[in-house]
Each structure stands twice: as structure tokens, then as C-alpha cells.
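Notes follow the structure.
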Amino acid sequence: MKEWWIQVGLIAVPLLAVYLHIPPPNLSPALYTWRSTGAFFTYQEQRIFYRDSWGAVGSSDVVILLHGFPTSSYDWYKVWEGLTQRFQRVIALDFIGFGFSDKPRFHRYSIFEQASIVEALVNHLGLIDQKVNLLSHDYGDTVAQELLYRYEHRRQGHINIGSLCLSNGAA
């Protein structure tokens, strides 16, 4: 019986350390570059990471990328360059609790809050009156659907959605 508890302890202690980020992992060179080319804005005292790249000359189209669970804006790194060749601006954020954004403990995370964060970012970037295209994946699909609901019902602060592409979402 003692041996069983030792095995559980040997597994539980490292998992707890990973959960508590003890010690925090070193960033890969690619992640370091991703973070260093991004910025932060504040939403209700929380720092939210985003990346905003200017791309195609002559285009006025803006695309906002909404990542999946349990990942971050880095999900989009393989298609980022291609998107900058098509859109004037390519924007991605890390939802609160993900990626480089703050991860407050004892916080009531919700899809509604994540949608409000996207709206706050659009406002922060001065795009509140411009039509934007949304490209979402997985968890981001649910956030995008909430944004679409707000847009269709003309809720105060809604973003103007020009197009929406959902990928790999739940039914």
C-alpha cells in the first residue's frame, strides 16, 4: 500500500509544479519573437496580449484571429505571413487566462467576458467603426458567435462584422 502512494506522489508533485508554473518555462526563440512583436492593453486591470501587423498595401480589410482552447494567438503563426499578404491589418489576441495575457486565479472566466475583451481591443485600436473579418478556431468559435449575436442585435459597443469564418468548433 505504501508503494502506491509513493507512485501517486511522484506523479502529483511534478504536475502540481507545472500547474503552478514552478519554475516558469523558458520561451523558445519563436515564442520570444512572437511576444516581442506584440503589445499589451489593459482590460479591467488585466493585461491582455495582442499582435497587430500591417500588411497588404491597397487593402482596407482587417482580420481578427480568435484562438482555440487551450492555446494562444501563437496558433496562427504558420498562416500569419499569408494573411498579411491579403489583409491590411492582421490582429490576434490571447484571451484572458491564455498565452501571454494575465491568468488571474479565482477569476470567473466566461465567453461573454472574452467577447467583451475583443470589443475592447477593437476600440483600443480605433477600429470600432470599421468592418472587420473574424477568423476563429475551436474556443474562439464560441466567442465569435457571441460577437455575432451582439452585432446582429446592435448591442452597445459591438464590433462591425464584415465576415466570419468558424473552424473546428463544437456543434
Side-chain angles (χ1 to χ4, degrees), residues 17-55 61-84 86-128 130 132-151 157-161 163-170:
V18 167
Y19 174 74
L20 296 175
H21 303 290
I22 306 170
N26 291 328
L27 295 178
S28 70
L31 277 174
Y32 180 80
T33 300
W34 187 263
R35 184 181 66 183
S36 65
T37 56
F40 290 86
F41 82 103
T42 302
Y43 176 82
Q44 295 184 356
E45 299 180 15
Q46 303 297 326
R47 288 173 25 105
I48 306 299
F49 175 82
Y50 69 95
R51 221 169 151 218
D52 180 8
S53 295
W54 289 82
D61 291 342
V62 175
V63 65
I64 298 175
L65 312 173
L66 307 176
H67 68 78
F69 176 86
T71 58
S72 69
S73 58
Y74 189 69
D75 270 0
W76 304 104
Y77 82 97
K78 287 187 177 181
V79 297
W80 194 267
E81 191 63 37
L83 290 171
T84 61
R86 162 62 181 88
F87 293 95
Q88 179 191 34
R89 287 176 84 173
V90 179
I91 301 162
L93 73 152
D94 289 344
F95 294 126
I96 188 169
F98 297 88
F100 297 120
S101 291
D102 283 350
K103 296 161 193 67
R105 296 190 188 269
F106 312 112
H107 183 80
R108 294 189 80 170
Y109 294 92
S110 76
I111 295 298
F112 306 110
E113 179 183 42
Q114 304 291 24
S116 294
I117 290 170
V118 174
E119 290 173 337
L121 175 61
V122 168
N123 189 44
H124 172 76
L125 297 174
L127 299 170
I128 200 69
Q130 184 169 344
V132 298
N133 303 285
L134 297 178
L135 173 57
S136 63
H137 171 73
D138 188 52
Y139 180 82
D141 287 357
T142 309
V143 176
Q145 289 173 30
E146 173 60 23
L147 291 166
L148 182 61
Y149 176 86
R150 293 177 185 189
Y151 170 70
H158 73 276
I159 62 175
N160 294 311
I161 298 174
S163 71
L164 171 61
C165 179
L166 307 172
S167 65
N168 194 38

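As the structure is a prediction and not an experimental result, all values here were calculated from the model. We number each residue from 1, following the sequence as shown.
- A 6.0 Å sphere centred on CZ of Phe69 holds no more than 12 heavy atoms belonging to other residues, nucleotides or ligands.
- To the nearest 0.5 Å, the span separating CD1 on Ile159 from CD on Gln130 amounts to 11.5 Å.
- Applying the salt bridge (Lys or Arg N to Asp or Glu O under 4.0 Å) rule to Glu146 yields the partners Arg150; only residues at least two apart in sequence or on another chain are considered.
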Between side-chain atoms of residues 29-38 and protein atoms elsewhere (two or more places apart, or another chain), which donor-acceptor pairs fall under 3.5 Å?
{"residue": "Thr33", "atom": "OG1", "partner": "Pro29", "partner atom": "O", "Å": "3.0"}
{"residue": "Trp34", "atom": "NE1", "partner": "Ser73", "partner atom": "OG", "Å": "3.0"}
{"residue": "Ser36", "atom": "OG", "partner": "Tyr32", "partner atom": "O", "Å": "3.2"}
{"residue": "Ser36", "atom": "OG", "partner": "Thr33", "partner atom": "O", "Å": "3.0"}
{"residue": "Thr37", "atom": "OG1", "partner": "Thr33", "partner atom": "O", "Å": "3.0"}
{"residue": "Thr37", "atom": "OG1", "partner": "Trp34", "partner atom": "O", "Å": "3.1"}
{"residue": "Thr37", "atom": "OG1", "partner": "Arg51", "partner atom": "NE", "Å": "2.8"}
{"residue": "Thr37", "atom": "OG1", "partner": "Arg51", "partner atom": "NH2", "Å": "3.2"}

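- Taken to the nearest 0.5 Å, the CG atom of Asp138 stands 11.5 Å off from the CG atom of Leu66.
- For Asp75, there are no salt bridge (Lys or Arg N to Asp or Glu O under 4.0 Å) partners, not counting sequence neighbours.
- Nearest heavy-atom pair, Ala120 versus Tyr43, reported as atom, atom and distance to 0.1 Å: CB-CD1, 3.6 Å.
- The distance from the CZ atom of Phe98 to the CD1 atom of Ile48 is 11.0 Å, given to the nearest 0.5 Å.
- Residues Asn133 and Ser163 approach most closely at OD1-OG, 2.6 Å, considering heavy atoms.
- Atom OG in Ser101 sits 11.5 Å away from atom OH in Tyr50 (nearest 0.5 Å).
- Residues passing the side-chain hydrogen bond (donor to acceptor under 3.5 Å, both in side chains) test with Gln114, sequence neighbours excluded: Tyr139.
- The only member of Ile111, Leu164, Leu134, Leu166 that meets side-chain contact (heavy atoms from CB on, under 4.5 Å) when paired with Gln145 is Leu166.
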**Study point:** From CA spacing to verdict: side chain to side chain contact (heavy atoms under 4.5 Å, CB included), Leu65, Leu83
**Key:** CA-CA 10 Å; Leu65 312 173; Leu83 290 171; 3.9 Å; yes
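- Taking OH of Tyr151 as the start and CG of Asn160 as the end, the distance is 6.0 Å to the nearest 0.5 Å.
- Considering all non-hydrogen atoms of both residues, Phe87 and Asp61 come closest at CD2-CB, 3.5 Å.
- When the side-chain hydrogen bond (donor to acceptor under 3.5 Å, both in side chains) test is applied to Ser53, the partners found at least two apart in sequence or on another chain are Trp80.
- Closest heavy-atom contact between Ser167 and Ser136: OG-O, 2.7 Å.
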Review point. Could you walk me through whether His107 and Glu113 pass the side chain to side chain donor-acceptor pair (under 3.5 Å) check?
Key: CA-CA 11 Å; His107 183 80; Glu113 179 183 42; 2.9 Å; yes
Exercise for review: Would you sort out whether Trp76 and Val90 count as a side chain to side chain contact (heavy atoms under 4.5 Å, CB included), showing the intermediate values?
Suggested key: CA-CA 10 Å; Trp76 304 104; Val90 179; over 6 Å; no
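- In this structure, CD1 on Ile96 lies 11.5 Å from OG on Ser116, to the nearest 0.5 angstrom.
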Review point. After noting the C-alpha distance and the side-chain angles of Arg86 and Val63, does the key distance pass the side chain to side chain contact (heavy atoms under 4.5 Å, CB included) rule?
Key: CA-CA 10 Å; Arg86 162 62 181 88; Val63 65; over 6 Å; no
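- The aromatic rings of His67 and Phe95 are tilted relative to each other, their planes meeting at an angle between 30° and 60°.
- Side-chain contact between Ile91 and Leu127 is present, with heavy atoms from C-beta onward closer than 4.5 Å.
- With sequence neighbours excluded, no residue forms a salt bridge (Lys or Arg N to Asp or Glu O under 4.0 Å) with Arg47.
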